[in-house]
Every structure is written in C-alpha cells, then in structure tokens.
Amino acid sequence: MSEERSLNFIEEIIENDLKSGKYETLITRFPPEPNGYLHIGHAKAICLNFGLTKKYGGYTNLRFDDTNPVTEKTEYVDSQQEDIKWLGFEWKNELYTSDYFDTLYDFAVKLIEKGLAYIDDSTAEEIAALKGTPTEPGTDSPFRSRSIAENLDLFARMKAGEFPDGARILRAKADMSSPNMIMRDPIIYRIKHAEHHRTGNKWCIYPMYDFAHGQSDSIEQITHSICTLEYVSHRELYDWFIEHLEIFPSKQYEFARLNLSYTVMSKRKLLQLVNEGVVTGWDDPRMPTISGLRRRGYTPDSIREFCERIGIAKRENLIELSLLEFCVREHLNKIANRVMAVLDPIKLIITNYPEGQEETLNGENNPEAEDKGGIRAIPFSNELWIEREDFMEEPAKKWFRLAPGATVRLKHAYIVQCESFVKDAEGNVTEVHCTYIPESKSGEDTSGINVKGTIHWVSTKHAKKAEIRTYDRLFTVESPDSEEGDFKDYLNPDSVDVIKEAYIEPYLANADLDSRYQFIRKGYYCVDKDSTPEHLIFNRTVGLKDAWAKAKK
RNA sequence: UGCCCGAUAGUAUAAAGGUAGUACAACGGUUUUUGGUACCGUUUGUCUAGGUUCGAAUCCUGGUCGGGCAACCA
C-alpha cells in the first residue's frame with residue numbers, strides 16, 4: 001500500500017502550486033473532440049487528468065471540444081462518455097465548447113476593439129503564401145490595417161451569414177515575423193455554413209481550436225490544462241489570448257502521447273480501418289480503442305494499471321504491447337475462473353473405462369482465489385476431446401504430453417497411458433487410445449505415479465459447441481507509422497482466426513457478457529457481444545505465457 | 001536553413017551535485033494436477049566532446065541524433 005512512487009513532472013508542478021498557495025483547488029479537464037472513438041492513448045490522458053484530482057482533490061470536467069461541426073457527431077459524444085465511465089472515472093461537469101460560442105464571440109469582438117484582430121478577405125492560398133516559412137518571416141496581409149469600425153461591421157455580418165464559406169476570416173493581429181509560425185496572425189474564426197450537432201444552425205461562424213481551447217479552460221477556471229506535446233508551440237498563443245482578453249490565467253502543460261507497438265493510434269487512421277472494412281468497426285477486438293479493448297475482454301483495472309506503469313514524461317515513446325498484455329494477464333489471473341475448452345479436437349478413448357459409464361468430477365474454479373473460486377461439476381466419460389497439439393506420434397525431447405506409451409494426467413481426473421492411436425487417410429491422427437488408472441483419481445490418488453504433464457479435455461457426450469475467435473496484433477511491424485509507404489501495407493493477415501466448432505465444458509453454457517475465463521493452458525477468454533445461447537462466441541483476450549512454445553524455437 | 005521540445009539497459013520510467021534503481025521483456029532455476037501463477041537469480045544503461053566541481057545522469061558550452069511547427073483540423 002505504501003508504494004513510494006516518485007512524482008512525475010506534472011505532479012511536481014501541482015504539488016508546488018498547491019504548496020505555494022497559487023491555487024487552492026486543482027481543476028483539470030479532459031477535452032476530446034467528438035469526432036471518433038476514444039483509444040488507449042486517450043485512456044492515458046483520462047487516467048492522468050482524473051487521477052490527478054483524485055489524488056490531490058479538486059475535480060475534473062469533461063469538455064467536448066466541438067468547434068468543427070463537420071466532423072463531430074452525437075454518436076461520438078455518447079461513446080466517449082460510456083468509455084470514460086467504463087474506465088471508472090466520474091466528471092464533475094459535462095461541458096461543451098459550443099456552450100461558450102456566445103462568450104467566445106464576445107471575446108473576438110473585444111480583441112477587434114483592442115485593435116488585435118482583423119477581418120482578412122484573402123483566399124486560403126494567399127494567406128498561406130504570405131505566411132512565410134520557418135526560416136523567412138511572413139508578410140502583412142493587405143487587410144491587416146483595416147479600421148476597427150470596419151472590422152467590427154464585417155465580423156457582425158460574417159456572423160449574420162452575409163458571406164459564403166471561405167470569403168473572409170477573422171485573424172488575430174499578433175506577429176507576422178515571429179519565429180513561431182503559430183503566432184503569425186493565426187486564424188481565429190472561419191465561416192462554415194454547417195449544422196452543428198448541438199447548436200444546430202444558430203451559427204455559421206465557428207472559432208478555431210486556438211481561439212476556443214484556452215478561453216474555455218479559463219472560463220472553467222482550469223488550473224492545469226494538460227495536453228500532448230504537439231501543442232507546445234501553441235502555448236505562446238494560448239497565453240497571448242488569455243493576456244489580451246484579461247481572463248483567468250489557466251496554464252498549459254504538455255506530456256508525450258502514448259504510442260503502442262504493433263498498432264496505430266491516430267483517429268484518422270483508425271477511422272480509415274473502420275471505413276475500409278479492414279476491421280468490423282470501432283469496437284473490433286483488434287482495435288486499440290477503449291471499446292475494442294472492452295470487447296476483447298480487457299478490464300478497466302488492467303488499463304488503469306497500464307496507464308500507471310507507463311509513466312508521464314516529455315520524451316517520445318513506443319510502449320511495448322507486452323506490457324499491456326502483462327497488465328491484463330495479471331488482473332485476469334486473479335479474477336478469471338478456470339475452465340476447459342478444446343479448440344482443435346481429436347478423440348481420446350479410454351479403453352478400460354466402461355462405455356456408457358459417467359461420473360461427475362469436481363474442479364476448483366480458481367486456484368488463485370481465496371476460496372478457490374468455489375467448485376464446479378465436470379462430467380467425465382470414456383470418450384473425450386483433447387487438443388491435437390497434446391499428442392505427438394514421435395515425441396520431441398522434453399515432451400511432457402501424450403505419445404505412444406506415455407502417461408499424462410487428465411486435469412481434475414485420472415492418469416492415462418497411451419496405448420495406440422488411429423490415423424485417417426491423410427495421415428492425421430484422429431483418435432488416441434488410452435487406459436486409465438482407477439486409483440489415480442484427482443484428489444484421492446493412491447497410485448503413487450508421478451506424471452510430468454497434465455492436459456485439459458472435454459467429455460464428448462457432454463461437450464457444448466462454441467465459436468472461438470483468436471486475435472493477434474493488427475500489424476506485423478512495431479511502428480506502422482514510421483515504416484515506408486502506407487501503414488496498411490503492414491497489416492497482419494492473421495490478426496484474427498475463427499474456429500467455428502470448438503468444444504467447451506457444459507459449465508460454460510451460461511457464460512455471460514461480463515464473465516472472464518481462463519481456458520486452462522490456452523488463455524483468457526470472454527463472451528463476445530454477438531454471442532447467443534444457441535451460438536456461443538468467445539474472444540481470446542490474451543494467451544497464456546507459453547514456455548513450451550518458446551522452447552520449441 | 002529558423003524556432004521549440006527531447007535524449008538513462010531491448011522498452012518504458014526513477015535518481016532534484018553524493019551507491020545509477022524499478023517494472024516489462026529476455027535468459028536460467030525452484031515450486032506446481034495449467035510448460036500458467038508464485039518465488040529466486042542472471043544479462044543489459046547515463047548520445048558525444050569539452051568545461052565547472054572534492055564529486056556530474058543531473059549544472060554550463062559546442063556537437064550529434066530523434067520529434068514538433070508553414071490545416072479556414074483538433
């Protein structure tokens with residue numbers, strides 16, 4: 001409990017600000033644009049912002065940064081809220097930048113009145129041409145010296161809808177020769193005759209990000225406005241507006257965004273995968289979205305733990321997927337009931353176990369749980385399904401499983417010895433014939449025999465069928481973003497493998513959407529949302545560590 | 001070419017001028033009715049060249065490398 005985790009740089013700033021009395025209450029915000037689904041990168045920002053106020057007191061607002069009506073939708077607002085709640089966080093106020101459109105308009109008027117903003121009639125191309133380059137200063141627009149009265153009049157008429165899209169824009173009169181390109185008279189309002197998901201057709205001019213974000217922070221008295229590194233150069237402008245508008249001085253701090261190996265994180269690319277049908281939707285279990293991870297079987301705890309472990313810093317990073325997988329295994333190991341499922345079946349026939357005889361075995365559900373998770377009944381008979389890969393005609397060295405003459409334990413049941421096997425015309429093994437040792441029954445073993453291997457099984461007569469979807473990384477390379485060519489050139493063709501008919505023990509027939517299971521020796525699985533009682537579908541969240549698979553290489 | 005940000009094991013992240021630590025990964029072992037878990041151990045690091053200092057990952061200077069900035073996107 002008393003882990004002395006050192007502070008990250010943002011926590012240091014906050015502790016100093018609180019200690020010095022600069023602020024009494026910490027107020028942060030999480031400000032997504034509702035133009036897509038939230039992903040694991042957002043989870044990092046969510047855990048940071050909400051985690052900070054959880055730790056130091058104060059509160060966190062949820063603010064939808066909805067200043068661009070053409071990309072935003074209510075569908076996204078809803079999904080984003082669901083995902084934040086699912087992660088386990090509660091916001092103080094649900095707010096929208098669009099709530100501030102009137103105030104923002106007034107701010108713009110104030111800037112014009114102070115001679116710090118002007119209407120520019122230039123085209124986008126002309127503005128770009130006069131902007132200069134990083135090494136050469138920009139040139140003043142011919143409209144820069146317009147009178148305040150004319151600017152006021154034109155701005156009012158922009159708002160009134162007198163001009164078509166692109167005819168004019170409002171720019172801040174900052175510094176056309178600033179070494180910071182962002183300061184070269186940034187555009188702050190543009191004309192867009194578009195319907196907004198909240199304000200409808202009330203507006204036809206919309207503020208740009210730079211003219212909305214800092215002011216919104218200020219209105220909400222956000223003390224620490226935390227964003228990612230690409231906004232570093234915007235900070236100068238952020239402060240400039242606050243200073244000239246003479247409003248509450250929120251401060252912006254930047255941290256490095258999360259990059260995860262074997263996936264992509266930009267909304268644009270994720271949207272592309274969805275639109276082009278590469279994946280089945282935003283919640284495809286292979287997606288790094290919160291909804292995808294949820295459907296995949298990740299728990300909120302494991303994602304929060306992951307965000308905790310990756311840390312907060314300012315250097316670019318690429319986190320290994322194996323850390324995320326470690327976090328989910330660690331949690332699932334504690335909470336998932338163990339069950340048996342055979343994914344690639346062959347028959348095991350116990351020749352000395354009377355045909356037609358059955359017995360019910362007891363299996364503890366989770367050896368990691370305090371009460372072992374309780375016990376469940378497992379039906380046993382003379383004919384079982386076992387995993388094809390658990391039998392080897394010619395055993396490799398250090399092979400612990402079934403092979404001619406070899407003995408193994410059937411989990412929760414008896415020790416069996418392989419006597420013979422049957423192959424089909426193609427040479428594939430179809431049946432393994434064994435004898436069992438009656439006095440080796442699990443829990444009451446008096447046989448004195450020790451076996452190296454234990455394998456899982458399902459009684460053929462009692463087995464239920466299920467579809468099993470096994471997922472793997474979406475891309476074949478660690479960083480699809482930084483490879484040559486299109487990122488889609490590196491898609492993993494085997495990112496999903498569907499087994500239509502696997503056999504599962506009857507206990508699983510009642511599995512519900514919230515349950516997590518460990519299929520013994522295979523991995524962690526959950527019920528997919530498409531599953532029905534008639535057609536059960538399980539998704540593999542993550543496989544178990546497999547020392548044997550490694551040893552084979 | 002200008003400005004800004006950054007650089008510590010394979011990957012992340014600590015060490016606020018004083019023993020370079022932790023986690024994941026990798027490797028080896030013990031335990032085990034999951035080749036899982038748990039536990040133990042091993043390997044691997046301060047970008048570079050100078051300077052300040054009794055002492056530098058830390059401060060200073062130069063260089064190198066990586067990233068960002070020229071959307072009527074956020």
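- When rounded to the nearest whole Å, the span between CG of A:Asp165 and C1' of B:rA71 equals 15 Å.
- Proximity note for A:Leu544 (side chain, C-beta onward) versus B:rA70, B:rG36, B:rC72: the nearest is B:rG36.
- Residue-level contact check: A:Arg329 touches neither bases nor backbone, having no heavy atom under 4.0 Å from any strand.
- Ion pairing of A:Asp121 with A:Arg146 is present here, as a side-chain N (NZ or NE/NH1/NH2) and a carboxylate O approach within less than 4.0 Å.
- For B:rA74, the base is not stacked against the aromatic ring of A:Tyr209, per a cut-off of 5.5 Å between centres and 30° between planes.
- Comparing B:rU42 with B:rA25, their C1' atoms sit 14 Å apart, to the nearest whole Å.
- Judged by distance alone, the side chain of A:Arg257 and the main-chain N or O of A:Leu229 form no donor-acceptor pair under 3.5 Å.
- Taking atom P in both B:rU1 and B:rU64, one finds a spacing of 10 Å when rounded to whole Å.
- Here the nucleotide nearest the side chain of A:Glu12, chosen from B:rA16, B:rG67, B:rC69, is B:rA16.
- For A:Lys545 and B:rU34, the shortest distance from a side-chain N or O to OP1 or OP2 is not below 4.0 Å.
- For the pair A:Ser225/A:Lys251, no side-chain contact is recorded, criterion being any heavy-atom separation below 4.5 Å from C-beta on.
- Not a single donor-acceptor contact under 3.5 angstrom links the side-chain atoms of A:Glu478 to the base of B:rG10.
- Distances from the side chain of A:Ala313 to the nucleotides B:rG35, B:rC72, B:rU13 place B:rU13 closest.
- Counting non-hydrogen atoms under 4.0 angstrom, A:Lys192 reaches the backbone sugars and phosphates but no base.
- Of all heavy-atom pairs spanning A:Cys47 and A:Arg304, the tightest one is SG-CG, 3.9 Å.
- A:His213 comes within contact range of no nucleotide atom at all, as no heavy-atom separation falls under 4.0 Å.
- We find that CG of A:Asn35 is positioned 14 Å from C1' of B:rA71, with the value rounded to whole Å.
- A cation-pi geometry, defined here as NZ or CZ lying under 6.0 Å from the six-membered ring centre and within 45° of its normal, holds between A:Lys159 and A:Tyr105.
- Along RNA chain B, the nucleotide nearest to A:Arg315 and the one nearest to A:Ala124 differ in position, and the one closer to the 5' end is contacted by A:Arg315.
- Nearest nucleotide to the side chain of A:Lys314, out of B:rC5, B:rG35, B:rC69: B:rC5.
- Closest to the side chain of A:Asn68, from the set B:rU33, B:rC73, B:rG67, is B:rC73.
- In this entry the distance linking CG of A:Asn8 with P of B:rU22 reads 21 Å, nearest Å.
- Listed nucleotides: B:rU13, B:rC4, B:rC69. Nearest to the side chain of A:Val232: B:rC4.
- Residue A:Lys398 is classed as a base contact, given a heavy-atom separation below 4.0 Å to a base.
- Going from atom CZ of A:Arg235 over to atom C1' of B:rC3 covers 13 Å, rounded to whole Å.
- For the C1' atoms, the distance from B:rA49 to B:rC65 is 15 Å, rounded to whole Å.
- At whole-Å resolution of the value, CG in A:Leu318 and P in B:rA25 are 16 Å apart.
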Full working for salt bridge (charged side-chain N to carboxylate O under 4.0 Å, His left out) between A:Arg521 and A:Glu389
CA-CA 12 Å; A:Arg521 303 209 301 137; A:Glu389 63 175 15; 6.0 Å; no

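- Contact between the side-chain N/O atoms of A:Thr454 and the OP1/OP2 oxygens of B:rG35 is not found at any separation under 4.0 Å.
- Counting heavy-atom neighbours within 6.0 Å of A:Arg388 CZ, excluding the residue itself, gives a total above 12.
- Annotation: B:rU22 and B:rG62 have their C1' atoms spaced 34 Å apart (nearest Å).
- One atom, CZ of A:Arg171, and another, P of B:rC72, lie 9 Å apart when rounded to the nearest Å.
- Residue-level contact check: A:Asp65 touches the backbone only, with heavy atoms under 4.0 Å from sugar-phosphate atoms and none from bases.
- At a threshold of 4.0 angstrom between heavy atoms, the contacts of A:Ile312 are confined to the sugar-phosphate backbone, with no base atom among them.
- When only modelled atom types and interatomic distance are considered, A:Glu325 and A:Tyr298 share no side-chain donor-acceptor pair under 3.5 Å.
- Of all nucleotides listed (B:rU34, B:rU37, B:rA74), B:rA74 comes nearest to the side chain of A:Arg190.
- Comparing the same atom, C1', in B:rU13 and in B:rG35 gives a spacing of 32 Å after rounding to whole Å.
- One interatomic measurement links the two molecules: CG of A:Asn450 to P of B:rU32, which rounds to 9 Å at whole-angstrom precision.
- Side-chain atoms of A:Asn35 and A:Glu33 form a donor-acceptor pair, as typed in the model, at a separation below 3.5 Å.
- Using a 4.0 Å heavy-atom cutoff across all strands shown, A:Arg309 reaches sugar-phosphate atoms only and no base atom.
- Under a cutoff of 6.0 Å and an axis angle of 45°, A:Arg540 and A:Tyr525 do not form a cation-pi pair.
- Nearest to the side chain of A:Glu320, among B:rG67, B:rA74, B:rU11, sits B:rU11.
- Nucleic acid contact class of A:Pro367 (heavy atoms, under 4.0 Å, all strands): base.
- Listed nucleotides: B:rA74, B:rG35, B:rU34. Nearest to the side chain of A:Arg338: B:rU34.
- Among the atoms of the strands shown, base atoms are found under 4.0 Å from some heavy atom of A:Gln518.
- As judged by a 4.0 angstrom heavy-atom cut-off over every strand, A:Ser442 is placed among the base-contacting residues.
- The aromatic rings of A:Tyr517 and A:Tyr507 sit perpendicular to each other, their planes meeting at more than 60°, with 30° as the lower class boundary.
- Pairing analysis of RNA chain B (Watson-Crick: purine N1 to pyrimidine N3 plus N6-O4 or O6-N4; G-U wobble: N1-O2 and O6-N3; both under 3.5 Å) yields stems of 3 or more pairs at B:2-7 with B:64-69, B:10-13 with B:21-24, B:26-30 with B:38-42, B:47-51 with B:59-63.
- Closest contact between the side chain of A:Lys550 and the listed nucleotides B:rG36, B:rC24, B:rC27 involves B:rC27.
- Remark: A:Arg521 is in phosphate contact with B:rG35, judged by side-chain N or O atoms under 4.0 Å from OP1 or OP2.
- For the pair A:Arg409 and B:rU34, the criterion of a side-chain N or O lying under 4.0 Å from OP1 or OP2 is not met.
- The side-chain heavy atoms of A:Met208 and A:Thr67, taken from C-beta on, include no pair separated by under 4.5 Å.
- For the P atom pair drawn from B:rU37 and B:rG29, the interatomic distance equals 16 Å after rounding to whole Å.
- Among the atoms of the strands shown, none is found under 4.0 Å from any heavy atom of A:Tyr206.
- In this structure, A:Ser122 reaches the bases: a heavy-atom distance under 4.0 Å links it to at least one base atom across the strands shown.
- At the heavy-atom level, A:His456 lies nowhere under 4.0 Å from the strands shown.
- The residue among A:Ile520 and A:Phe9 whose nearest nucleotide of RNA chain B is located toward the 5' end is A:Phe9.
- At a threshold of 4.0 angstrom between heavy atoms, the contacts of A:Phe326 are confined to the sugar-phosphate backbone, with no base atom among them.
- Straight-line distance from the CD atom of A:Glu254 to the P atom of B:rC5: 10 Å, rounded to whole Å.
- Separating the C1' atom of B:rA9 from that of B:rA23 is a span of 12 Å, rounded to the nearest Å.
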